[in-house]
Amino acid sequence: MATYDYKKIDKKWQKNWIKSGVFEPEVDRSKKKFFITVPIPYPSGSMHLGHMYTWTRADIYARFMRMRGYNVLFPQGFHFTGGPIVGMAEKVKQKDPKTLEAFRIQGVSESDLKKFADDPRALAEYFADGFRKDWENIGMSIDWRRTFITTDLSPYFSKFVSWQFNKLKTLGLITEGKHPVVWCPKENTPLGDHDRSEGEGESPEKFSIVKFSSGKFIFPAATLRPETVYGATNMWINGEGEYCILNVDSEKWVVSKDSVPKLKSQLQNVSFEGDVKIKDFIGKSAKNPLNGRELPIFSESFIDTAIGTGIAMSVPMHAPMDFYGLRKMRDEWEKLKPERIIDVTGEENIVEDAIKRFGDSIDGLKEATKYVYKKEFNAGIMRNNSAELSGLAVKEARDTVRDSLEEHRAYSEMYELTGRVVCRDGTPGIVKVLEKQWFIRYSDAEWKTKTRRLIERMNIFPEDARLQLLNTLEWLEDKAAARKGGLGTPLPWDKDWIIEPLSDSTIYMAYYTIANKISKIAIEKLTDNVFDYIFLGRKIDGKPDKEIEETKKEFEYWYPLDMRVSAKELLQNHFIFFLLNHTAIFNEENWPRGIQINGWLTVSGEKLSKSKGATLTIKRGLETYGTDQLRILAAAGNGMDDVEWNPASISAFDQRFGLISDLIKNFDSFTGEKRLIDSYILSKMNRVIKETTENLRCFRYGNALSLMLFALTNEIKLYTDMGGNNKETVKTILFTFLKLNHPVFPHITEELNHVLGSTDMLETSVWPVPEESLSNEGAENEVEVLKATIEDIKNIIKIVKKSPEKIIIGVADSGKFEIYNSVVKAASSTKNIIEIRKTLRTNSKILDKLLKNPNKLPEKLLDERLEYGVFMEAKDYLNKTFNCGISIEKESKEEKALPGKPSIKII
RNA sequence: GCAGGGGUAGCGAAGCGGUCAAACGCGUAAGGCUUAGGACCUUAUGGCUUAGGCCUUCGAGGGUUCGAAUCCCUCCUCCUGCACCA
């Protein structure tokens with residue numbers, strides 16, 4: 001497009017903005033401030049259009065707020081914390097071909113690769129640098145003076161994080177404990193989803209262990225349903241399997257050999273004692289710890305020695321496999337007399353019915369088991385034969401029985417994976433219980449309540465996200481906050497541990513406010529007490545230095561954070577931690593005020609990830625398109641919807657801006673007077689301003705775009721088509737158009753504004769305000785009538801299949817308008833035709849027509865004089881459109897004309 | 001499994017109790033313009049209909065209502081998160 005030589009225009013205005021200093025705001029108490037951030041990026045690769053999507057959404061808002069008179073701060077740092085950067089550098093060192101290839105695609109030179117191999121920091125810095133360059137090339141309105149990196153590579157930031165953790169600890173929100181993780185026994189590391197070649201999404205699942213004693217031995221039955229213990233009739237082992245004796249806390253446990261590595265990694269004080277011939281136990285018995293019942297031990301082939309302990313308790317009336325197994329042993333069944341202990345309304349023989357339904361193959365029994373478990377867990381009530389559990393819902397009974405078993409010292413726990421997990425190196429994963437882990441106590445009820453209060457009052461866009469945050473808070477548990485490897489800040493009281501990335505990135509937004517001042521404070525002076533003074537307004541020891549006072553001023557002006565913008569995948573992790581940490585640490589007036597959650601930029605329906613995005617980098621994008629052309633994508637989405645990368649939609653940009661620049665080119669040719677159509681378009685414009693502003697305010701960019709870009713240009717076109725020709729009107733419309741579109745398309749609008757003769761930049765101009773005096777509903781309604789009439793004429797011509805010689809349009813007379821408008825008024829309160837008739841108390845053919853269909857009652861007030869005027873004004877336009885004579889009459893003879901629906905006669 | 005959000009024309013989507021055959025955009029087709037292509041302009045894009053009309057649709061099935069894409073229930077299906085991972 002000739003009008004958008006983006007290579008030139010982008011650079012030109014980026015320079016001008018920087019020169020003006022608008023991106024580097026200073027503390028100014030006379031101006032309202034607005035502080036907006038996007039989560040800190042992890043620089044392990046090049047930034048792609050997906051990143052641009054989210055950042056652009058924030059940038060649009062920053063520019064929008066700037067024009068609305070706010071002092072806007074939009075800073076950006078880099079997150080070096082975590083494992084992957086180190087891991088990738090290690091892979092470069094080992095010359096892993098896949099990693100090298102990926103970097104080369106992104107344009108990394110051989111000499112840089114060498115640096116990466118020597119120092120992970122070089123890798124992070126390389127990409128952080130690239131990120132910043134990309135962002136400068138697309139004119140992001142970021143204050144780069146406040147950039148920083150995390151981890152102890154940045155001592156000031158590290159001090160800040162140490163302060164945060166000391167604070168949490170003082171508040172009693174840090175605890176030490178154990179934690180189950182999926183583990184690779186070969187590499188001796190936790191197996192995250194990305195480290196797995198199989199079993200993504202599988203997690204540890206807690207099994208209860210009920211200890212049944214048999215002489216000097218313990219038979220530890222692993223079960224997901226400890227509440228069924230009162231219904232147990234017997235024990236199962238697999239007579240063909242290998243078993244052994246394990247010494248657990250001085251008890252002799254009989255367990256399958258398969259379970260030994262698991263139990264060793266999960267329980268304390270476990271040692272191997274020796275093999276055992278399991279067959280010897282068949283026919284013996286073990287004692288139910290709660291009711292003392294002796295349960296016979298049977299062998300059953302479906303007992304899988306690889307699951308749990310290889311020992312199971314049998315509850316035939318509530319477990320299809322147990323039912324099936326014991327039913328085969330007729331005599332035993334009679335002797336043991338299994339009883340139901342759980343009631344589910346409408347289910348008399350739930351297990352038997354389930355087996356009938358799913359079949360008695362292994363798979364069928366498994367399906368039946370799933371069905372019964374789910375049904376009974378959600379709807380089951382314990383019957384009165386379950387001692388202290390009687391009458392409880394199954395959900396409650398599960399916790400109660402654990403307590404009872406604990407009391408009888410008959411309870412333990414183990415974890416089992418929910419499915420098979422295999423490490424990238426081929427080793428099957430196991431569950432390991434990590435001891436002495438440091439946790440942040442996100443489960444704390446009081447803390448949650450406080451945070452809930454915040455979520456309830458915050459500005460959240462879209463609104464759906466609020467409920468999701470509240471629900472996440474409900475189930476949130478303690479989070480392990482430190483680990484042994486990777487980059488980061490050491491835990492201040494236990495330096496062996498590094499604070500983990502999701503935990504050191506919860507309140508750093510506060511650090512932006514002071515990032516450009518804090519380095520002036522001598523690092524040794526930066527104590528927790530100083531941070532308390534700066535961030536919390538606490539008393540400081542001695543008289544604070546000037547540097548400290550200045551730092552404090554920055555924080556006090558810019559905080560709290562007004563808006564945080566991010567994609568939806570961070571909603572249930574980062575965002576919730578961010579909110580919790582703020583409510584714990586900061587004074588209430590400094591809690592965050594707003595968040596925006598967006599969807600993703602997708603390619604053929606798939607999210608752009610670092611690997612998939614390699615070909616859609618910002619750099620590549622800019623080879624073909626201008627910044628503003630790419631920015632239209634960021635404006636395409638509303639709420640959490642994903643937006644598909646579709647270069648074709650960029651043509652819409654070209655088309656609309658082409659139209660506007662043509663208009664500017666022909667600006668001098670507008671010489672006419674103001675007419676009805678002028679009132680119409682100014683009224684429409686007024687409406688567009690109002691609605692666009694509201695949509696932008698709520699991050700509904702898609703809606704804003706369809707108004708300010710599409711609807712407005714359509715109206716402009718209608719205006720000129722209809723012979724609109726007034727310079728003042730056109731000028732007003734053009735400037736409004738450019739201002740409204742500036743936040744989304746800053747470069748091109750700035751250029752066109754310049755071409756139009758403005759000497760001021762849009763970036764520093766004032767956002768348009770709707771003027772009530774311009775709104776003219778009558779004119780809008782009547783132009784709608786005109787449009788509808790044109791449609792009708794076309795329709796008729798199509799049906800008649802002849803080109804008209806003359807078209808006579810008859811506008812209804814004033815009497816009809818009176819009746820019509822009284823119907824409109826009446827219909828605004830009821831849709832009931834009989835009611836409307838009653839209130840009108842007149843009779844006429846017109847009324848009969850208007851009240852024919854309750855779904856098609858008239859709603860808009862109309863004006864006879866305006867209607868006639870609009871049609872008279874449009875005569876030339878109609879003449880051109882239909883290429884025939886046009887006659888506008890008041891009231892046709894046939895009396896067919898209705899207000900808002902003139903009669904049409906085609907000759 | 002738990003929590004949340006979706007399923008509307010060829011596609012992206014708007015509508016969230018009554019002017020919905022469905023805005024807006026993309027795509028497609030025909031015509032115009034052009035040496036040609038692109039861009040641009042016009043028109044069409046569920047079906048029927050020789051006068052502005054009618055009929056049928058909103059994942060599937062049921063219900064509430066004078067009236068449902070919109071509210072309720074059941075089912076199918078897709079997306080997101082579920083933590084030591086950034």
Side-chain angles (χ1 to χ4, degrees), chain A residues 1-2 39-42 44 79 81-85 179 181-182 190-195 201 203 205 370 373-374 377 418 434 437-439 442 462 464-465 467-472 474-484 486 500-503 505 567-574 576-577 599-600 605 607 610 632 636-644 646 648-652 654-656 658-659 662 702-703 705-707 709-711 714 788-789 791-802 827 831-832 853-860 881 896 901-906:
Chain A
M1 189 176 63
I40 194 162
Y42 187 71
S44 62
H79 203 204
T81 312
I85 287 175
H179 183 61
V181 292
V182 183
L191 275 179
D193 269 348
H194 336 278
D195 310 321
S203 58
E205 182 175 31
K370 246 164 113 179
Y373 280 20
K374 189 178 163 189
F377 180 69
T418 49
L434 296 175
Q437 254 288 357
W438 292 102
F439 290 89
Y442 290 135
D464 308 346
L467 185 63
Q468 214 161 329
L469 283 170
L470 288 170
N471 279 312
T472 306
E474 289 305 315
W475 56 255
L476 198 68
E477 287 164 23
D478 293 351
K479 165 153 174 61
R483 36 188 279 191
K484 295 276 186 177
E500 149 307 312
L502 242 40
S503 302
S505 59
K568 56 189 172 186
E569 75 274 16
L570 295 189
L571 191 58
Q572 286 120 315
N573 41 59
H574 166 74
I576 203 86
F577 303 146
W600 301 321
K607 184 196 174 191
K610 282 219 168 102
I632 196 172
N638 285 320
M640 288 189 266
D641 302 339
D642 296 340
V643 166
E644 175 75 9
N646 181 5
S649 67
I650 288 172
S651 69
D654 296 340
Q655 189 191 18
R656 303 294 160 152
L659 200 136
D662 285 350
N703 292 357
L705 196 68
S706 72
L707 287 164
L709 183 66
F710 296 111
N714 285 348
T789 308
E791 282 306 305
D792 286 344
I793 295 172
K794 279 179 189 165
N795 208 349
I796 295 166
I797 292 172
K798 200 173 106 189
I799 293 166
V800 183
K801 286 182 190 137
K802 67 166 187 177
K831 294 275 176 191
N832 189 318
N853 186 341
N855 289 333
K856 292 189 177 174
L857 289 169
E859 278 180 352
K860 286 178 177 168
T881 306
K896 264 191 164 176
K901 200 139 181 96
S903 64
I904 299 164
K905 205 165 165 193
I906 293 171

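Lettering follows sequence order; numbering is per chain, from 1. What you see is a predicted model; the values in this text were computed from it and never measured.
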In terms of the angle between their ring planes, are A/His79 and A/Tyr42 parallel, tilted or perpendicular, with boundaries placed at 30° and 60°?
perpendicular
Would you classify A/Gly599 as touching base, sugar-phosphate or nothing, given that sugar-phosphate means primed atoms plus P, OP1 and OP2, and contacts are heavy atoms under 4.0 Å?
nothing
Measure CG/A/Leu705 against C1'/B/rC26 and give the value in whole Å, please.
13 Å
Roughly how many Å is it from CD1 in A/Ile904 to P in B/rA51, rounded to a whole number?
13 Å
Looking only at the side chain of A/Lys901 (C-beta and beyond, no hydrogens), which of the listed nucleotides B/rG53, B/rC85, B/rG81 gets closest?
B/rG53
Between B/rG1 and B/rC26, how far apart are the two C1' atoms, rounded to whole Å?
40 Å
Rounded to the nearest 0.5 Å, what separates atom CZ in A/Arg656 from atom CG in A/Leu709?
6.5 Å
Closest to the side chain of A/Ser903, out of B/rG52, B/rG4, B/rG81, is B/rG52
Go through A/Leu571 and A/Thr472 one step at a time and tell me if the side chain to side chain contact (heavy atoms under 4.5 Å, CB included) criterion holds.
CA-CA 9 Å; A/Leu571 191 58; A/Thr472 306; over 6 Å; no
Interatomic distance where CD1 belongs to A/Ile576 and C1' belongs to B/rG4 [whole Å]
12 Å
Between B/rG31 and B/rG38, how far is it from one P atom to the other, in whole Å?
13 Å
Choosing from B/rC79, B/rA83, B/rG4, which nucleotide comes nearest the side chain of A/Leu467?
B/rG4
If you assign each of A/Ile793 and A/Thr472 to its closest nucleotide in RNA chain B, which residue comes earlier from the 5' end?
A/Thr472
Answer for the Watson-Crick or wobble partner of B/rA39, both distances under 3.5 Å, is none
When rounded to the nearest Å, what value does the distance between P atoms of B/rC24 and B/rU57 take?
24 Å
Could you work out which one of B/rA86, B/rA83, B/rG52 sits closest to the side chain of A/Pro501?
B/rA86
Under 4.0 angstrom, heavy atoms only, what part of the nucleic acid is A/Glu205 near: base, sugar-phosphate, or nothing?
nothing
Taking B/rA9 as the reference, what is the distance to B/rG17 when you measure between their C1' atoms (whole Å, please)?
23 Å
Any strand is fair game: report the nucleotide pairing with B/rA13 by Watson-Crick or G-U wobble, both distances under 3.5 Å, or none.
none
Could you please name the option among B/rC82, B/rA51, B/rU80 that lies closest to any side-chain atom of A/Ile906?
B/rA51
Starting at CZ of A/Phe439, measure out to NZ of A/Lys479 and round the result to the nearest 0.5 Å.
10.0 Å
Quick check for you: to the nearest 0.5 Å, what is the distance between A/Trp475 atom CH2 and A/Gln572 atom CD?
6.5 Å
Which atoms of nucleotides 37-47 of chain B (N or O only) lie under 3.5 Å from a protein N or O atom, and what are those distances?
residue, atom, partner, partner atom, Å
B/rU42, OP1, A/Lys717, NZ, 2.9
B/rU43, OP1, A/Lys794, NZ, 3.2

Protein-nucleotide distance (A/Asp478, atom CG; B/rA83, atom C1'), rounded to Å
11 Å
Looking at B/rC24, B/rA83, B/rA86, which one has an atom nearest to any side-chain atom of A/Asn573?
B/rA86
Does any nucleotide pair with B/rU80 by Watson-Crick or G-U wobble geometry, both distances under 3.5 Å, and what is it?
B/rA3
Under 4.0 Å between a side-chain N/O of A/Arg656 and OP1 or OP2 of B/rC24, yes or no?
no
Taking atom P of B/rA83 as reference, at what distance in whole Å does atom CG of A/Leu570 sit?
15 Å
Between B/rA14 and B/rG7, how far apart are the C1' atoms? Round to whole Å, please.
15 Å
Given B/rC85, B/rG81, B/rA51, which nucleotide is nearest the side-chain atoms of A/Gln572?
B/rG81
Produce a footprint string for nucleotides 9-17 of chain B: one letter per nucleotide, 5' end first; B if the base is under 4.0 Å from any protein heavy atom, S if only the sugar-phosphate is, - if neither.
----SS---
Between CG of A/Leu470 and C1' of B/rA3 the distance, given in whole Å, is 12 Å
Roughly how far apart, to the nearest Å, are B/rC11 and B/rC76 at atom C1'?
23 Å
Compare side-chain N and O positions of A/Asn714 against OP1 and OP2 of B/rC24 and report whether any pair is under 4.0 Å apart.
no
Within this structure, what is the NE2-CD1 distance for the pair A/His574 and A/Ile40, rounded to the nearest 0.5 Å?
9.5 Å
If B/rA23 has a Watson-Crick or G-U wobble mate with both distances under 3.5 Å, name it; if not, just say none.
none
From CG of A/Asp464 over to P of B/rG4, roughly how many Å is that when rounded to an integer?
12 Å
Taking only the C1' atom of each, what is the distance from B/rC41 to B/rU50 in whole angstrom?
30 Å
Under a 3.5 Å cut-off for both distances, is B/rC33 Watson-Crick or wobble paired, and to whom?
none
Whom does B/rU28 pair with, Watson-Crick or G-U wobble, provided both distances fall under 3.5 Å?
B/rA44
Sugar-phosphate, base or nothing in reach of A/Thr81, heavy atoms under 4.0 Å:
sugar-phosphate
Taking B/rU65 as the reference, what is the distance to B/rC16 when you measure between their P atoms (whole Å, please)?
24 Å
Nearest to side-chain heavy atoms of A/Glu500, which nucleotide of B/rC85, B/rG25, B/rA3
B/rC85
Look at all strands and tell whether A/Pro902 reaches a base, only sugar-phosphate, or nothing, counting heavy atoms closer than 4.0 Å.
base
Residues in side-chain hydrogen bond (donor to acceptor under 3.5 Å, both in side chains) contact with A/Asp464, at least two apart in sequence or another chain:
none
Quick check for you: among B/rA86, B/rA51, B/rG25, whose closest atom lies nearest to any side-chain atom of A/Leu502?
B/rA86
Among A/Leu469, A/Leu570, A/Leu470, the one residue meeting side-chain contact (heavy atoms from CB on, under 4.5 Å) with A/Ile576:
A/Leu469
Side-chain contact check for A/Phe577: nearest option of B/rG25, B/rA86, B/rA83 is B/rA83
Enter the distance from A/Leu476:CG to A/Phe577:CZ here, rounded to the nearest 0.5 Å.
6.0 Å
